Asker: 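Quick one: the structure is below, and I'll ask about it shortly.
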Amino acid sequence: MKKTIKLVALALAAMLMCACFVGCGAEKKELVMATNAEFPPYEYVENGEIVGIDAEIGAAIAKELGMEFRIENMEFDSIITAVMSGKADVGLAGMTVTEERLQNINFSSSYATGVQVVIVAEDSPITSVDDLFDVGGYTIGVQLGTTGDLYSTWDLEDEGLGTVSRFNKGADAVLALTTGKVDCVIIDNEPAKAFVAANEGLKILETSYAVEDYAIAVAKDNTKLLEDINAALEKLTADGTIPGIIEKYIPSEG
Ligand code: ARG
């Protein structure tokens with residue numbers, strides 16, 4: 001009798017082990033991050049490799065979750081669709097949390113702040129954000145599908161106060177500014193600094209356009225991943241990993 005019980009117990013244990021192997025094997029082992037590597041210092045290409053704050057945060061989260069990690073580079077306005085369709089697990093692209101985007105995807109807790117700023121030529125007649133509204137009639141360069149695009153479309157173009165010129169890359173909008181094809185560029189402050197540093201004769205206006213939160217996009221039905229990512233973000237913030245990554249790319253002065 002005792003022997004039978006032991007045998008049954010052994011058989012059950014073996015079955016459980018098999019079930020775990022099968023189950024564990026089926027679990028997703030790779031975290032695919034969709035991004036648009038045209039956004040220094042968050043994501044950009046250096047020596048043929050995608051580097052930057054988001055690339056490192058993505059890798060740190062994957063490591064924390066025990067997953068392999070892969071980055072898919074694409075147009076910025078394809079990222080949300082890629083996450084919705086499951087082509088990518090996360091969108092990590094200096095992406096601002098907005099009400100409209102929340103209709104289609106979920107956002108993790110925020111890991112950084114962004115500011116929409118205005119880049120102009122050093123001798124530009126535009127001296128403040130107010131000039132865009134009060135003087136009006138300017139052509140505003142933006143990266144397609146970004147909040148810079150959305151806000152200037154709603155606030156200026158739709159109000160008949162200006163024209164929005166949309167580019168696939170922020171750098172192309174800035175190039176159009178250097179050649180006088182647009183009067184200003186509205187873009188996030190950190191890439192703005194990088195673009196101004198890389199081009200002669202440009203400056204960032206002191207008044208900013210909008211302050212926003214960056215977060216990680218996850219598919220609506222992937223609540224488990226969202227929870228895991230939020231837990232990982234919390235841990236990697238508390239242990240100094242994420243602050244360290246940000247400091248590496250955006251050294252605080254002093
Ligand atoms: N923060 C802005 C937005 O969410 C711009 C982000 C652009 N990111 C990029 N990787 N190109 O719309």
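Residue indices begin at 1 and follow the sequence shown. Since the structure is predicted, the reported quantities are computational estimates derived from the model, not experimental observations. Worth knowing before you read on, the calculation uses all heavy atoms, side chains too, and leaves out hydrogens, waters and symmetry mates. Indexing begins at 1, ligand by ligand and atom by atom, following the structure's order.
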Asker: What is the closest protein heavy atom to atom 8 (N) of ligand 1, and at what distance does it sit?
Answerer: A93 O, 2.8 Å

Asker: With heavy-atom distances below 4.0 Å as the criterion, list the atoms of ligand 1 near E43.
Answerer: 9 (C), 10 (N)

Asker: Just which atoms of ligand 1 are under 4.0 Å from any heavy atom in Q143?
Answerer: 7 (C), 11 (N)

Asker: Taking all non-hydrogen atoms of both residues into account, name the closest pair between Y151 and A210 and its distance.
Answerer: CE1-CB, 3.8 Å

Asker: Show me which atoms of ligand 1 lie under 4.0 Å from any heavy atom of R101.
Answerer: 3 (C), 4 (O), 12 (O)

Asker: Salt bridge check, K224 against E227: does any charged N sit closer than 4.0 Å to a carboxylate O?
Answerer: no

Asker: List every atom of ligand 1 that sits less than 4.0 Å from any heavy atom of N36, numbering the atoms from 1 in the order shown and giving each element.
Answerer: 9 (C), 10 (N), 11 (N)

Asker: Quick check on E247: does its CD atom have over 12 non-hydrogen neighbours (other residues, nucleotides or ligands) under 6.0 Å away?
Answerer: yes

Asker: Does ligand 1 have an atom that lies less than 4.0 angstrom from a heavy atom of M95?
Answerer: yes

Asker: What residues form a ring pair (Phe, Tyr, Trp, His ring centres under 6.0 Å) with Y214, not counting sequence neighbours?
Answerer: Y42

Asker: Closer than 4.0 angstrom: is that true for some heavy atom of E212 and an atom of ligand 1?
Answerer: yes

Asker: Could you tell me, atom by atom, which parts of ligand 1 come under 4.0 Å of a heavy atom of Y214?
Answerer: 1 (N)

Asker: Tell me if the NZ atom of K235 is crowded by more than 12 foreign heavy atoms within 6.0 Å.
Answerer: no

Asker: Report yes or no: does Y249 contribute a side-chain atom to a donor-acceptor pair with the main-chain N or O of G52 at less than 3.5 Å?
Answerer: yes

Asker: Taking N230's backbone N and O only, do any of them form a donor-acceptor pair with S109's side chain (distance below 3.5 Å, no angle check)?
Answerer: no

Asker: Does the side chain of E212 come within less than 4.5 Å of T98's, by heavy atoms?
Answerer: no

Asker: May I ask you to check whether T35 has an N/O atom sitting below 3.5 Å from an N/O atom of ligand 1?
Answerer: no

Asker: Distance to 0.1 Å, residue and atom name: give those for the protein heavy atom nearest to atom 6 (C) of ligand 1.
Answerer: G94 O, 3.4 Å

Asker: Can you list the ligand 1 atoms lying under 4.0 Å from a non-hydrogen atom of D188?
Answerer: 1 (N), 2 (C), 5 (C)

Asker: Considering distance alone, does some N or O of T146 sit under 3.5 Å from an N or O of ligand 1?
Answerer: no

